[in-house]
Number of protein chains: 4
Amino acid sequence: MRKKDLNKEECILQSSLTLITTQGLSNLSMSKIAKASHVSPATIYIYFKNKEDLINKLYLKTKEKMSESIFTTVHYQQNLKEQYRQIVTNFIHFNMENENEFLFLEQIQNSPVLDSETLKESDEMFSTLFNLYTVGKQKKILKNSDSRLLSTMTSSPTMEYVKLFHKKQVEGSPEEIKDLIIMCWDAIAKK
Amino acid sequence: MRKKDLNKEECILQSSLTLITTQGLSNLSMSKIAKASHVSPATIYIYFKNKEDLINKLYLKTKEKMSESIFTTVHYQQNLKEQYRQIVTNFIHFNMENENEFLFLEQIQNSPVLDSETLKESDEMFSTLFNLYTVGKQKKILKNSDSRLLSTMTSSPTMEYVKLFHKKQVEGSPEEIKDLIIMCWDAIAKK
Amino acid sequence: MRKKDLNKEECILQSSLTLITTQGLSNLSMSKIAKASHVSPATIYIYFKNKEDLINKLYLKTKEKMSESIFTTVHYQQNLKEQYRQIVTNFIHFNMENENEFLFLEQIQNSPVLDSETLKESDEMFSTLFNLYTVGKQKKILKNSDSRLLSTMTSSPTMEYVKLFHKKQVEGSPEEIKDLIIMCWDAIAKK
Amino acid sequence: MRKKDLNKEECILQSSLTLITTQGLSNLSMSKIAKASHVSPATIYIYFKNKEDLINKLYLKTKEKMSESIFTTVHYQQNLKEQYRQIVTNFIHFNMENENEFLFLEQIQNSPVLDSETLKESDEMFSTLFNLYTVGKQKKILKNSDSRLLSTMTSSPTMEYVKLFHKKQVEGSPEEIKDLIIMCWDAIAKK
DNA sequence: TATGAATGAGGATTCATTCAT
DNA sequence: TATGAATGAATCCTCATTCAT
């Protein structure tokens, strides 16, 4: 008996990602995925319990890829603001360099297809960032708000910025990005 | 001859709104809307060209309702920061008091079903706010960023806050809201 | 109380004819006719019992128009062959000059929507021609076949010729037409 | 894995043929076909791209069946007139013995659902006959007309004859058929 | 007469999923 | 593991026709 072919699973996920970004989440169908992956519809069900499961796994995989890209180059011995700066910079670059992943995440973020388990796992990947907020609040560097609010204060404008970048309505220059990050920091930092 | 029944159109839109917030945009179907509106599927097509048209019109109607609620009580003779405070307060309250509308807008904001014409019309409803940003930048009160970024800097965290409110994870007290708005202002104001 | 507006009936029939020739009989719908005639769907039902009735009446009207065009200029004092020549020439010219009517008749000829009453009425319009065949057989000028066969022997190749003409695969010159008619005559004439 | 069931495809085509001849092409629907074939509507789409494709394939299959029946027993060493006689006799018999196929072809011949590719393929099946016309013209046996006209000169009256036969308005006796074929030959033969 | 609204039934097609191999 | 066939349910939408005015 053969092992599950990881390449095949990978391939299915990759095709799904592309289909979602090109045709929209609501136009995604299992048979389209099958066709795009050069695989039988039935095969997809070997790797994924159902469509919902597939999408949730794709979400997790994408978030994981992003999290790796964001956190691995951070120097945790540096001060908090500098860590923040590095992380957010990485975040912006990841989304600028991976348009497919960016478009996918944008579409899926508020979708009801993401189940709570998935959302929890996803949050855990970004616990580093949440810790940073918690510590920042303890050290009286950051405003004493709910960490989710502090988090949005950064993620939303940066995502918006990247969207403008992909629409070529914004340059994406280091200066611009620096300014953006400063703005975000100001929003969460204690005055 | 019979006249178009405005109640019927209203009813269809209302049912759609409810269905979207309870079952999700991707589970919305014309026959479900028909059933919920106690109307034949064919009747919907008298009032709306197709499903896309219906959703776009629902979006516009909702945005219009919101815009009215937000802008009508603003005192434009007051200074810019105070105007901002009033608008954002109204915005938060509208979304707290109209959970259905809030949930709908959250789901639809990044959806590809919204056509450019609709987005343009929607933007025009909020031109007041954009003018405020423009003026603020001219008066050197606000940071010199793209207005869409300044806008996101406010809308994203407030929407996030309202989400937490509906999940009963924040209080929604006047103090909390005041703090939130201050945080938003700090993010966009020149130091 | 107003009279039925004959122009309106005429207009509905005309629109139907055009719709059938441009979009095909199977794509004809009452609402399309209504739209094309600038009339309410309900209005059509004042003039026609139903869709079938409309089509049958359109068929009769078209056949009548054709029959008038074909038979009025025939000189019945002339000999049988000359009468035949005139009639067939008129038939060909009518179909060359009225492409819409030609295309309509082609589409409808073998359709089951034509009821027997309509077919009978239509046949009666062309009784002149059938008489000609009967007389011809009596006078031993024509072959002693069923008149319907003799009739087809003429109508089919001439219709085919006109089809080629409208497809611009045939000239439509008087000589060509003369040859065609000779061929038809040879097919039915006693040797 | 399962193989495509040729019987199923055959069955779908057969059901379609019957439905068309009994209820008319315009009353044909995919769900009716599904029901008549004891198959899910979705299954039809495994074998045919869509309704149009199904009809076109049914047309080709029917024409093929006819072409086989017409041409296989012809003795091509015999003279042209004799070949013609054999072919036309076969043609008439095929249509007399296969009423369903006959009625189907009559309905579909001038229908716009037949695409040009199908018509081309169909023509190629009958190239034998066209060659015969071409050779006949070269040998000065046949009139020098467009082969499509010569062809119609035979097919139309024979089809009409068969129609009368099925309506029992004509005997179908060998003598009648012989006379009919003579009439057709006279129409195309050089005098 | 004339009409726009209204509709249940049905149109073609695709869906997510399972079956049989 | 892998698959193409198979499917009932669902999709959006249009139909011919009638209603109420």
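Letters go in sequence order (proteins before strands), and every chain restarts at 1.
When all heavy atoms of Leu105(C) and Met66(C) are compared, the pair lying nearest together is CD1-CE, 3.4 Å. Nearest heavy atoms, Met30(B) versus Asn50(B): CE-C, 4.0 Å. Counting all heavy atoms, side chain and backbone alike, Ser67(D) lies closest to Met125(D) at OG-O, 4.0 Å. In plain terms, the two heavy atoms of Lys51(A) and Leu28(A) that are nearest each other are NZ-O, 2.9 Å. Heavy-atom minimum distance, Leu58(C) versus Ser16(C): CD2-CB, 3.9 Å.
Base-pair partner of dA9(F): dT14(E) (Watson-Crick or G-U wobble, both distances under 3.5 Å). Nucleotide dA20(E): paired with dT3(F) (Watson-Crick or G-U wobble, both distances less than 3.5 Å). The partner of dA9(E) is dT14(F), judged by Watson-Crick or G-U wobble contacts that both fall below 3.5 Å.
Dashed line: the shortest gap from a side-chain N or O of Ser31(B) to OP1 or OP2 of dA10(F) is not under 4.0 Å. Distances shorter than 4.0 Å separate none of the side-chain N or O atoms of Tyr47(D) from OP1 or OP2 on dA5(F). Residue Tyr45(A) places none of its side-chain N or O atoms closer than 4.0 Å to OP1 or OP2 of dT1(F). Considering only side-chain N and O atoms, Lys8(C) lies nowhere under 4.0 angstrom from the phosphate OP1 or OP2 of dT1(E). A sub-4.0 Å separation between OP1 or OP2 of dA6(F) and a side-chain N or O of Ser40(D) is absent.
Residue Asn50(A) places its side chain closer to dT17(E) than to any other of dT13(E), dT17(E), dT17(F). Side-chain proximity of Met30(D) to dT13(E), dG4(E), dA5(F): nearest is dT13(E). Here dA2(E) is the nucleotide among dA2(E), dG4(E), dA5(F) with the atom lying nearest to any side-chain atom of Thr43(C). Picking from dA2(E), dT11(F), dG11(E) the nucleotide with the shortest atom distance to the side chain of Lys32(B) gives dT11(F).
Summarising the geometry, the separation between CG on Asn27(D) and C1' on dA12(E) is reported as 15 Å, rounded to the nearest angstrom. Atom pair Ile46(A):CD1 and dC19(E):P shows a separation of 14 Å (rounding to whole Å applied). Per the geometry, CD1 belonging to Ile33(B) stands 15 Å off C1' belonging to dA10(F), to the nearest Å. The interatomic distance linking Lys35(A) (NZ) with dG4(F) (C1') rounds to 12 Å, in whole Å. Protein atom CG of Leu28(A) is 16 Å distant from nucleotide atom P of dT14(E), rounded to whole Å. Protein atom CD1 of Ile44(C) is 9 Å distant from nucleotide atom P of dA16(F), rounded to whole Å. One interatomic measurement links the two molecules: NE2 of His38(C) to P of dT3(E), which rounds to 12 Å at whole-angstrom precision. A straight line from CG of Leu54(C) to C1' of dC15(F) spans 15 Å, rounded to a whole angstrom.
The residue among Pro41(C) and Glu52(D) whose nearest nucleotide of DNA chain E lies closer to the 5′ end is Pro41(C). Two residues, Val39(D) and Lys51(C), neighbour DNA chain F, and the one matched to the more 5' nucleotide by heavy-atom proximity is Val39(D).
Salt-bridge formation is detected for the pair Lys61(A)/Glu10(A): a Lys NZ or Arg NE/NH1/NH2 atom is positioned less than 4.0 Å from an Asp or Glu carboxylate oxygen.
Within 3.5 Å, no donor on the side chain of Ser29(D) pairs with an acceptor on the base of dG10(E), nor the reverse.
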